[in-house]
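Everything on this sheet refers to the single structure shown next.
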Amino acid sequence: MAEISFRHATKAFDEDNGLFDLSIEVEQGQAFGLLGPAGAGKSTALSLLMGFIRPDDGEVSIRGMDCFSKRHVLMQDIGFVPRDARLPARTTGDRFIRLMSAARGDTYRKRMQKLMERLDLNPLGDWAYMAPDDRRKVVLLLGFLNDPKILLLDEPCAGLDPNARNAVLDLIEEERQAGKTIFMTSHVFEEVQRCCDRVGIIRGGRLVTVQPARALTYTRQKVYHITFEDISQAAAFAQEWETGVELLRNRVIVAVPASPQVLLKTLTKYTVLDLVGGREELESSFLRAFGGDLV
Amino acid sequence: MMSRMLFAFQLRKQLTITLLFSAMASLLSVGAVLLYEEPHILALADARAQSPAVFTLFGVGGSASLLAHLGALLHGFLLPALGTVLAAVLAARLMAAQVATGEMTYWLAMPRRRGTHVLTQWAVLLACMAIFTVIPALAAAVAALVLQPGALQPLWLAQLHLGLFLLYAAIGSLCLMLSCGMDEGRRARRAGLLLCGLLLVIGLVSRLREVPGFVRYLSFYSLFDVPALTAGRPEAALLVLPALAVLFLLVGMRWFSGRDLPL
């Protein structure tokens, strides 16, 4: 039985917004990243897992239990980091952290200290006057505090400076190494690539593909930078090649999905001064797939 | 079932506004005691004779005793109205506003049922309304002790305020029920004020002789019979109020437990 399961889950807010026919299974100890642009349905997926909303169709379950009706049972072992959430007004981060840990029946003092050091967090200030970075860190700490077996993370690095971002990604990786089940969303490719075993790409509420994070490195196109003798030759080549070509004076950049055989054959008609080729950056391949929506 | 820590935390957060309202009500109570002087009583009687309908509407009856005087000036309209406003504000803050800000995310990220959370917030609401009942009662009692020693029957004062608390419980529970179904604090507050305001007006209007008798059954405010309570004869119908409070709570719990939350 999968630890986390979406089975043809649909939650439609209107014709275009929501989640449609989502099917994902995450085994125990796996880390799954859901990658997509803003409005793709990532947070909706997490809301379904957290039992905040009920699917219109299909099933959403954790450990075989329905996430909506058995939420109160599941929350014992779940740590949740929301994308946007505010603490109660006129509360200090410290007081709220202690309240939440005590309300779960344990003080988690040692873990709290450890997390505060890792995140470089001073939670003593009033929430209303805290820097955005520190607020985000308090939210993160609350999610990791009770050492949950399942982590649901909605854009965990949102709003963090690079140092804090690295600290959080390190923390997530450690949790993954410790055998926790992780379901995280992001619109930043590097985050899911670094922390997850599998990555699902979502767009317009629909799952486009699910692939092992490592396998994604092999789906990239080959990109060639070709320098011609003069501008006219470059322009003629660009006109002949037509697709996937970018003209820069006497240089052309061309993307080739498969073997360069046809490209090389075509180039014999021209005077080529230089040819440099290689795989495109993983980030670029996803930008290509999503029309530049991802960071 | 209910978390004491969370109850204490939520109660602390609502204490300021509760004490503010309690201070206002206490000022009114002390003011009413101060008006229990012959010149003022006569002036009131004259005014009542000139506009009997208005005085009946607002439940301002005779001042045969200090308790009846307090009941006439405060409990017929002012305190129920003030209590309605406080209940609507608190109910909105305890449920709908927490959904709007996202604070509810943390409460529901805990291993407890949604219904348990509603129950905790209801307990907080009742505690606040109890504070709002007791403080003005104490203020009136102390003022009476100082200014009109021996004029006030403490047991009947307690009875009157117990009846008032039962009314507040029903009002608060209705507002909380509405708040359970909404995602914005302002809308929840407005809905509570409108509905309870309407019920208050119906309760007032039902006092007029010209109005058919069945109208009083359209509003639970009518169950708070001030003349009967100030005369030391509480009516059994008063017990419908806590029953209504529990009913509204159960409906609110059910509503909140079954709906989608935009968190």
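Here is the naming used below: chain letters follow the sequence lines, and residue numbers restart at 1 for every chain. What you see below is based on every heavy atom in this structure, not just the backbone, and it leaves out hydrogens, waters and symmetry mates.
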For residues [X] and [Y], determine if any side-chain heavy atom of one lies less than 4.5 Å from a side-chain heavy atom of the other.
| X | Y | result |
| --- | --- | --- |
| A:K11 | B:D260 | yes |
| B:K13 | A:T91 | yes |
| B:L263 | A:I53 | no |
| B:L108 | A:R71 | yes |

Given heavy-atom pairs under 4.5 angstrom as the criterion, report whether the side chain, backbone, both or neither of A:F80 touches chain B.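 Contact with chain B involves the side chain of A:F80 alone.
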
Where on B:R259 is there a heavy atom nearer than 4.5 Å to chain A: the side chain, the backbone, both, or neither?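 Contact with chain A is through the backbone of B:R259 alone.
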
Assess whether atom [atom1] of [X] is packed by more than 12 heavy atoms of other residues, nucleotides or ligands within 6.0 Å.
| X | atom1 | answer |
| --- | --- | --- |
| B:R254 | CZ | no |
| A:R7 | CZ | no |
| A:D161 | CG | yes |
| A:R165 | CZ | yes |
| B:R187 | CZ | no |
| A:Q177 | CD | yes |

Would B:W107 and A:F52 count as a close aromatic pair, with their ring centres under 6.0 Å?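 Not under 6.0 Å, so no.
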
Which heavy atom of A:G51 sits nearest to which heavy atom of B:R114, and what is that distance?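 A:G51 and B:R114 have their closest heavy atoms at O-NH2, 2.8 Å.
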
What orientation do B:Y106 and A:F96 show, parallel under 30°, tilted 30 to 60°, or perpendicular over 60°?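 Geometry flag for A:F96 against B:Y106: perpendicular rings.
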
Within this structure, what is the CG-CE distance for the pair A:L99 and B:M110, rounded to the nearest 0.5 Å?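 Between A:L99 CG and B:M110 CE, I get 7.0 Å after rounding to 0.5 Å.
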
Hey, could you give me the CG/OG1 distance between A:L142 and B:T105, rounded to the nearest 0.5 Å?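 Separation between the atoms: 11.0 Å.
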
If you count heavy-atom pairs under 4.5 Å with chain B, which of A:M50, A:R95, A:M100 comes out on top?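 Of A:M50, A:R95, A:M100, A:M100 has the most heavy-atom pairs under 4.5 Å with chain B.
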
Interface residue of largest heavy-atom contact number with chain A, from B:P262, B:A109, B:A97, B:A8, under 4.5 Å: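 Most heavy-atom pairs under 4.5 Å with chain A: B:A109.
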
Would you find a donor on one side and an acceptor on the other, under 3.5 Å apart, between the side chain of B:R112 and the backbone of A:M75?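 Absent.
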
